[in-house]
Amino acid sequence: MSLQITWYGHANVMLRENGVTVLVDPFFEGNRFAPDWRGIPKPDVIAVTHDHGDHLGQAMDIARATGATLVCIADLADFFREQGLAEQVANYGIGGNIDGTLEVCGAKFTFTQAFHSAKHGSPVGFVIEMPGGHTVYHAGDTGLFGDMTLIAERFQLDVAMLPIGGVFTMDGPLAAKAAAMLKARAAMPIHYATFPILAQDASAFTEALAQKAPDCKALVLEPCQSVDFA
């Protein structure tokens, strides 16, 4: 069974496996790399790491249009309920919280900490166990933190999706260090090139990854590219 990964630029990623489609941080409008969200495959689940506009994106519009289930931290769930989406928020409209796990449509979402900021509650990352057996860590917006080693102890990660843009998150060399701590089979750079203030390519990340985690494959996608991860 292969896992299909599509990168729509920034931290906007779609995962498809065993008939289940998960969309993480659906930032389309204002994202120069992304297509019109109305033309993408219908998601079953929309996971939102935090409520900054370049991550919350069009989550509510897509949820209303598709009926997809929203996975988010409890405080952001409160906001979604206020917007009339109570029935679409996972865990009976409550959401989840750090170190908790929610199962939706056969995929498991474990909330991890993320060192960043947010308007509603705390920012998070997700370890996503897809129904076909692959495990993906989407770090959201975070700086490097030592407890990434605990994620590696708890999960055998196939892919770690790590921000490399700097300024608001880790930069490339720090993300390479994170990949080494996480012991993932592959590391995929996200959250870069979208805006001039961010790193404009992944070269610093790939060069550092080859030194810090030589057994970890660099999975660098072009915007809107899909790959099958076996």
Separation of Thr194 OG1 from Gln200 CD (nearest 0.5 Å): 8.5 Å

Using the six-membered ring wherever Trp is involved, compare the ring planes of Phe229 and His134 and label them parallel, tilted or perpendicular (cut-offs 30° and 60°). perpendicular

Do Tyr192 and His10 make the cut of ring centroids closer than 6.0 angstrom? no

Let me check something: any side-chain donor-acceptor pairs from residues 174-188 under 3.5 Å, sequence neighbours excluded? List them with distances.
unit_1 : atom_1 : unit_2 : atom_2 : d
Arg185 : NH1    : Asp158 : OD1    : 2.8
Arg185 : NH2    : Ala230 : O      : 3.4

Tell me, please, which residues at least two apart from Asp75 pass salt bridge (Lys or Arg N to Asp or Glu O under 4.0 Å). none

In residues 84-98, what donor-acceptor pairs under 3.5 Å come from side-chain atoms, sequence neighbours left out?
unit_1 : atom_1 : unit_2 : atom_2 : d
Gln88  : NE2    : Ala63  : O      : 2.8
Gln88  : NE2    : Ala68  : O      : 2.9
Asn91  : ND2    : Gly95  : O      : 2.9

Does one hydrophobic cluster hold both Val127 and Leu219, with members joined at side-chain heavy-atom distances below 4.5 Å? no

Here the gap from Asp147 atom CG to Leu144 atom CG, rounded to the nearest 0.5 Å, amounts to 10.5 Å

Establish whether Phe27 and Met60 are linked, either directly or via other cluster members, by ILVMFWY side-chain heavy-atom contacts under 4.5 Å. no

I'd like to know whether the aromatic ring centres of Tyr137 and Phe126 sit less than 6.0 Å apart in this structure. no

Give the minimum heavy-atom separation between Leu56 and Pro26, together with the two atoms involved. O-CG, 3.9 Å

Trace of the salt bridge (charged side-chain N to carboxylate O under 4.0 Å, His left out) decision for Asp44 with Arg16: CA-CA 10 Å; Asp44 300 294; Arg16 306 182 78 186; over 6 Å; no

For Phe205, what residues pass the ring pair (Phe, Tyr, Trp, His ring centres under 6.0 Å) criterion, not counting sequence neighbours? none

List the atom of Ile40, the atom of Met14, and the distance in Å for their closest heavy-atom pair. CD1-CE, 3.9 Å

What do you reckon, are the aromatic ring centroids of Phe33 and Tyr8 less than 6.0 Å apart? no

Going by atom types only, do Trp7 and Glu222 share a side-chain donor-acceptor pair under 3.5 Å? no

Any residue meeting ring pair (Phe, Tyr, Trp, His ring centres under 6.0 Å) with Phe80, in chain and number order, not counting sequence neighbours: none

Mind checking the CD1-CG spacing from Ile5 to Leu15? Nearest 0.5 Å is all I need. 6.5 Å

Look up atom CG in Leu76 and atom CG in Leu70, then write down how far apart they are to the nearest 0.5 Å. 8.5 Å

Linking I/L/V/M/F/W/Y whenever their side-chain heavy atoms sit closer than 4.5 Å, directly or via other members, would Ile128 and Phe155 fall into one cluster? no

Please tabulate, for the side chains in residues 113-123, all donor-acceptor contacts under 3.5 angstrom to protein atoms that are two or more places apart in sequence or on a different chain.
unit_1 : atom_1 : unit_2 : atom_2 : d
His116 : ND1    : Phe168 : O      : 3.3
His116 : NE2    : His52  : ND1    : 3.3
His116 : NE2    : Asp141 : OD2    : 3.2
His120 : ND1    : Asp51  : OD2    : 2.6

With the 4.5 Å side-chain cut-off for hydrophobic clustering, are Val45 and Phe111 part of the same group? yes

